[in-house]
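Only a predicted model underlies this, so the values are computations on that prediction, with no experimental measurement involved.
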Amino acid sequence: MRKAITCCIAAFLSMTLLLGTAFASGGAAERIDYADGSYAIITTVTGGITRGTVDDHKSYTYYDSDGNRCFAYTLFATFNYDGRSSEVEDIDYQADVYQRGWDISSHSEWTSGDTAYGRAVFTDPDGGRHSVSLSLTCDEDGNVS
């Protein structure tokens, strides 16, 4: 009987750890369709949560009208929170270009209180400009949107 209880507890703890990891790395996705047939996918992913600190990132990935991935811009932020307030501790970005002729022409990242902001402009092979604006906000309980 004791062995059966020990096995049940071990199985329960294993499942709890697996589910916790799955939820911590989960994310939300949003699709934006443009008039020319191109589209973007915006995803928000929690990278890790520890007591009082949360790491998140939001990515904007642009696809042309043929479904080819052209570029991605990602905003990373680390927040501190304490149940009464939150603030941005660290901010960073990453820009990836996947198709020949595309390039990033400018970017800027900044913070204001509990919000991290990022803006980038990419140029396409014909010289057209594609602007991206992202933000991540953390509430006093560590919930990021």
Legend entry - Atom pair CG/OG1 of Asp96 and Thr74 - distance to nearest 0.5 Å: 6.5 Å
Inset, instruction - Can you run down the salt bridge (charged side-chain N to carboxylate O under 4.0 Å, His left out) pairs that involve residues 29-55, sequence neighbours left out, and say none if there aren't any? - result: Arg31-Asp33
Inset, instruction - May I ask you to decide if Ser135's main-chain N or O and Lys58's side chain share a donor-acceptor pair within less than 3.5 Å? - result: yes
Inset, instruction - Rounded to the nearest 0.5 Å, what's the gap from OH on Tyr81 to CD on Glu87? Could you check? - result: 13.5 Å
Inset, instruction - Not counting sequence neighbours, list each pair that qualifies as a ring-ring contact (aromatic ring centres under 6.0 Å, His included) and has a residue in residues 28-54. - result: Tyr39-Tyr63
Legend entry - Transitive ILVMFWY side-chain link Trp110 to Tyr60, under 4.5 Å: no
Inset, instruction - State which residues pass salt bridge (charged side-chain N to carboxylate O under 4.0 Å, His left out) with Asp90; sequence neighbours excluded, sorted by chain then number. - result: none
Inset, instruction - Work out which heavy atom in Tyr73 is nearest to a heavy atom in Ser108; give both atom names and the distance. - result: OH-O, 3.9 Å
Legend entry - Gln99 side chain to Arg69 backbone, donor-acceptor under 3.5 Å: yes
Inset, instruction - Could you give me the CA-CA distance, side-chain angles and deciding distance for Leu136 and Phe79, then say whether side-chain contact (heavy atoms from CB on, under 4.5 Å) is met? - result: CA-CA 10 Å; Leu136 289 164; Phe79 299 92; 3.9 Å; yes
Inset, instruction - I would like to know whether Ser38 and Tyr62 meet side chain to side chain donor-acceptor pair (under 3.5 Å); could you show each step before the answer? - result: CA-CA 8 Å; Ser38 63; Tyr62 179 83; 2.9 Å; yes
Legend entry - Under 3.5 Å: donor-acceptor pair, side chain of Asp66, backbone of Asn68: no
Legend entry - Hydrophobic cluster identity match, Val132 and Phe76, side-chain contacts under 4.5 Å: no
Legend entry - Tyr98 side chain reached by Cys70 side chain, heavy atoms, under 4.5 Å: no
Legend entry - Thr78 vs Val88, side-chain contact (heavy atoms from CB on, under 4.5 Å): CA-CA, chis, key distance, verdict: CA-CA 6 Å; Thr78 300; Val88 180; over 6 Å; no
Inset, instruction - Establish, yes or no, whether a centroid distance under 6.0 Å links the rings of Tyr93 and His107. - result: yes
Legend entry - Whether Asp126 side chain and Gly128 backbone form a donor-acceptor pair below 3.5 Å: no
Inset, instruction - Would you give the length of the straight line joining atom CD1 of Ile104 to atom NE2 of His130, rounded to the nearest 0.5 angstrom? - result: 13.0 Å
Legend entry - Approximate separation, where rounding is to 0.5 Å, of Asp114 CG and Ser85 OG: 9.0 Å
Legend entry - Spacing of CD belonging to Glu109 relative to CG belonging to Leu75, to within rounding of 0.5 Å: 6.5 Å
Inset, instruction - Could you please spell out the steps behind the side-chain contact (heavy atoms from CB on, under 4.5 Å) verdict for Asp56 and Thr44? - result: CA-CA 7 Å; Asp56 269 37; Thr44 304; 4.2 Å; yes
Legend entry - Non-hydrogen atoms of Glu140 and Arg84 that approach each other most closely: CB-C, 3.5 Å
Legend entry - Whether Asp139 side chain and Asp141 backbone form a donor-acceptor pair below 3.5 Å: yes
Legend entry - Residues Cys138, Val54; criterion side-chain contact (heavy atoms from CB on, under 4.5 Å); working and verdict: CA-CA 9 Å; Cys138 183; Val54 62; 3.9 Å; yes
Legend entry - Nearest-0.5 Å distance, OG1 of residue Thr43 to NE2 of residue His57: 6.0 Å
Legend entry - Centroid-centroid under 6.0 Å between Phe71 and Phe122 rings: yes
Legend entry - Ser105 side chain vs Val121 backbone, donor-acceptor pair below 3.5 Å: yes
Legend entry - Arg129 side chain to Thr123 side chain, donor-acceptor N/O pair below 3.5 angstrom: no
